[in-house]
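To start, the structure under review is shown below, and the notes come after it.
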Amino acid sequence: MTPAQAEVDAQQAALRARTVGVLGGGQLGRMFVHAAQRMGWRVLVLDPDAAGPAAQAADRVLRAAYDDGAALAELARHCTAVTTEFENVPADSLQALAQHLRVAPAAQAVRICQHRAREKAHFVASGVPCAPYAVIESEADLAAVPEALLPGVLKTSQLGYDGKGQCRVADRAELARAWRQSLGAAPSVLEALLPIRCELSVIVARGADGALVHLPVQQNLHREGILAVTQVPAPDIDTATAEHAAALAQRLAESMGYVGVLCVEFFVLRDGRVLANEMAPRPHNSGHASLDACELSQFELQLRTLLGLPLSPPRQHSAAVMLNLLGDLWFDAADPQAVPREPEWARVLELPGAHLHLYGKAEPRRGRKMGHLTVTAATAAAARDTALQAARRLGLPAF
Ligand code: ADP
Ligand code: MG
């Protein structure tokens with residue numbers, strides 16, 4: 001090897017040692033890129049769409065499918081560690097990458113989280129209560145569904161999100177129709193319809209050395225299946241319930257040998273029971289307030305777990321309320337034909353403690369997550385009060 005070649009190789013190795021990769025190009029990837037760059041890392045994003053939210057912020061973009069062997073090899077050549085920002089990344093790609101470099105979360109954990117039936121089996125195996133359910137993968141399974149699960153919620157096992165791929169069913173006839181027609185007889189899970197008092201989520205971060213920390217327990221309000229409002233601290237539960245939910249989330253991370261950031265959603269029933277709903281092997285929309293309200297954000301936790309950096313407990317320093325900003329805000333309710341226009345952000349930015357996050361998506365669409373607004377304050381009452389004012393100014397319903 002010539003001295004010149006040796007120098008080029010040394011430069012490449014130094015660059016690789018400072019570069020991390022992300023599979024996926026959405027807003028979660030974008031906020032991970034920001035957190036990593038702030039600590040001096042270069043970020044390479046693999047995304048089939050080279051103009052998405054994460055790609056806009058990345059140091060480099062590989063435009064290719066998530067299972068493209070050449071792109072994965074390129075990623076392995078240029079990165080020291082790789083993470084994912086979306087749940088439906090092919091687990092095989094994570095497994096292949098793990099032959100060459102550090103990957104978190106691991107393929108085996110992602111395989112569990114991306115499949116509702118496997119996820120529920122993991123809850124049961126870990127001793128974490130969840131809704132009574134039945135797996136429906138055949139006509140025989142359909143016929144064998146116990147009466148106690150009706151009325152229920154039928155959910156496709158794979159690729160459901162934001163309430164998509166699920167139907168409420170009142171009786172057997174509706175169940176059969178929903179499974180065969182709405183879900184195309186795809187492998188599914190039927191859950192009993194639960195009497196929910198409120199919904200929570202807990203974001204835990206676990207290092208390769210087994211260190212575990214979690215963000216404060218979040219309370220979530222969904223509208224039409226999509227997260228609308230997150231409040232931290234959670235206003236409608238007591239300390240014991242919050243601690244219980246956090247302990248269950250940590251148990252689930254531990255029992256998967258999980259490394260990375262994991263979000264667990266819970267239902268609190270009217271009788272006070274806490275049931276696990278679903279898990280996401282990545283940062284989560286309900287954890288966005290951590291960017292402005294906690295000492296460590298969920299994205300910095302993702303970076304630290306990925307690189308084996310220390311995890312310290314992320315204290316919440318401000319009360320916070322997060323409002324999701326969906327594309328609907330760009331459309332005039334009174335005149336649906338009108339050209340979409342940007343909301344008047346100045347009207348909310350004049351409120352104290354308002355932090356606006358926009359994801360750089362060019363085209364607003366109804367139901368599309370365009371950004372979020374977090375309001376921080378010294379007390380939960382003040383954060384809620386200001387967030388209600390912000391909601392009113394944006395034309396969002398009260399909560
Ligand atoms: P997604 O992947 O779309 O987030 P979820 O399983 O979390 O799917 O369901 C979305 C929302 O639907 C929940 O946050 C909750 O409000 C409601 N929901 C889901 N399952 C049930 C259930 N078994 N009983 C009552 N409401 C439910
Ligand atoms: Mg959910």
Side-chain angles (χ1 to χ4, degrees), residues 26-28 85-89 110 112-124 128-136 145-171 174-175 178-179 182-183 186-203 217-231 234 236-237 245 248-249 252 261-271 273-288 298 322 324 326 367-369 397 399:
Q27 61 266 20
L28 299 172
E85 66 109 38
F86 79 121
E87 193 160 331
N88 291 313
V89 62
V110 170
I112 295 173
C113 297
Q114 64 191 191
H115 192 278
R116 279 191 203 275
R118 289 201 280 265
E119 187 170 66
K120 294 238 191 294
H122 181 72
F123 293 155
V124 173
V128 171
C130 63
Y133 73 100
V135 175
I136 302 179
V145 159
E147 205 59 40
L149 296 183
L150 291 164
V153 184
L154 179 69
K155 305 177 179 181
T156 161
S157 274
Q158 281 168 292
L159 302 173
Y161 70 100
D162 286 351
K164 293 185 180 68
Q166 56 177 267
C167 321
R168 289 194 176 200
V169 291
D171 51 36
E174 271 187 34
L175 169 65
W179 184 66
S182 308
L183 301 189
S188 302
V189 166
L190 175 71
E191 293 174 22
L193 183 69
L194 299 166
I196 296 174
R197 186 168 85 205
C198 66
E199 297 189 49
L200 308 175
S201 59
V202 183
I203 285 159
V217 175
Q218 297 136 185
Q219 184 170 324
N220 304 321
L221 173 71
H222 295 83
R223 294 192 184 114
E224 288 162 37
I226 307 178
L227 182 66
V229 181
T230 295
Q231 301 183 75
D236 297 330
I237 55 165
L248 293 176
L252 288 169
V261 166
L262 176 78
C263 177
V264 187
E265 293 181 26
F266 294 97
F267 298 135
V268 182
L269 303 191
R270 285 201 210 108
D271 65 8
R273 276 187 299 148
V274 177
L275 304 186
N277 171 29
E278 60 171 350
M279 305 187 282
R282 50 166 173 79
H284 190 260
N285 193 168
S286 63
H288 290 350
Q298 57 175 347
M322 184 215 67
N324 255 351
L326 302 183
R368 188 178 204 197
K369 293 173 180 172
F399 50 89

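Counting begins at 1 with the first residue of the sequence. Just follow the structure's listing: the first ligand is 1, and inside any ligand the first atom is 1.
Side chain of Gln218 to main chain of Gln231: no donor-acceptor pair is present (N/O by atom type, distance under 3.5 Å, no hydrogens or angles).
Glu224 does not count as a contact of ligand 1, since none of its heavy atoms falls under 4.0 Å from the ligand. Residue Ala192 places a heavy atom under 4.0 Å from ligand 1.
Protein heavy atom closest to atom 4 (O) of ligand 1, with residue, atom name and distance, is Glu278 OE2, 2.8 Å. The protein heavy-atom contact nearest to atom 3 (O) of ligand 1 is Gly163 N, 2.5 Å. For atom 18 (N) of ligand 1, the closest heavy atom belonging to the protein is Phe267 CZ, 3.9 Å. Of all protein heavy atoms, the one closest to atom 15 (C) of ligand 1 is Glu199 OE2, 3.2 Å. In terms of protein heavy atoms, atom 12 (O) of ligand 1 is closest to Gln166 OE1, 3.8 Å. For atom 23 (N) of ligand 1, the nearest protein heavy atom (residue, atom name, distance) is Glu191 OE1, 2.8 Å.
Interface atoms of ligand 1 facing His222, defined by a heavy-atom separation under 4.0 Å, are 14 (O). The Glu265 neighbourhood of ligand 1 comprises atoms 7 (O), with distances under 4.0 Å to a heavy atom of that residue. Numbered from 1 in the order shown, with element, the atoms of ligand 1 that lie under 4.0 Å from a heavy atom of Arg168 read 26 (N). Ligand-side atoms of ligand 1 in range of Tyr161: 2 (O), 3 (O), range being under 4.0 angstrom from any heavy atom. Shown in contact with Asp162 at under 4.0 Å from a heavy atom are these atoms of ligand 1, numbered in order with element: 1 (P), 3 (O). Residue-ligand proximity, Lys155 to ligand 1, at heavy-atom distances under 4.0 Å covers atoms 5 (P), 6 (O), 19 (C), 20 (N). Residue contact check: Asn277 has heavy atoms under 4.0 Å from atoms 5 (P), 6 (O), 7 (O) of ligand 1.
No side-chain N or O of His288 forms a donor-acceptor pair with one of Gln27 less than 3.5 Å apart. Counted by atom type alone, Gln219 and Asp236 present one or more donor-acceptor pairs between their side chains at under 3.5 Å. In this structure, a donor-acceptor pair under 3.5 Å is absent between the side chains of Lys369 and Asn324.
At a threshold of 4.5 Å between non-hydrogen side-chain atoms, the residues Glu119 and Met279 count as touching. Between Ser188 and Trp179, some side-chain heavy-atom pair lies under the 4.5 Å cut-off. The shortest distance between side-chain heavy atoms of Pro151 and Val169 does not fall below 4.5 Å. Using a 4.5 Å cut-off on side-chain heavy atoms (C-beta onward), Arg282 and Cys113 make no contact. Inter-residue side-chain proximity for Leu190 and Val153 is flagged as unmet; no heavy-atom pair is nearer than 4.5 Å. Residues Leu28 and Phe86 fail the side-chain proximity criterion, which asks for heavy atoms closer than 4.5 Å.
Salt bridge absent: Arg197 and Asp271 never bring a charged side-chain N and a carboxylate O closer than 4.0 Å. At a threshold of 4.0 Å, the pair Glu191-Lys120 counts as salt-bridged, since one of the basic side-chain nitrogens sits closer than that to a carboxylate oxygen.
Shortest distance from the Mg ion (ligand 2) to Glu278 is reached at OE2 (N/O/S atoms only).
For atom 21 (C) of ligand 1, a protein heavy-atom neighbour is present inside the 4.0 Å cut-off.
Checking Ile196, Asn285, Val189, Ile226 against atom 26 (N) of ligand 1, the nearest heavy atom belongs to Ile196.
Taking 2.8 Å as the criterion, Asp162 does not count as a coordinating residue of the Mg ion (ligand 2), since none of its N, O or S atoms falls below it.
In Arg223, neither the side chain nor the backbone holds a heavy atom less than 4.0 Å from any atom of ligand 1.
Taking only nitrogen or oxygen atoms, main chain and side chain alike, Leu194 reaches within less than 3.5 Å of ligand 1. The distance criterion of under 3.5 Å between nitrogen or oxygen atoms is not met by Leu193 with respect to ligand 1.
Across every non-hydrogen atom of Ala249 and Val264, the tightest pair is CB-CG2, 3.9 Å.
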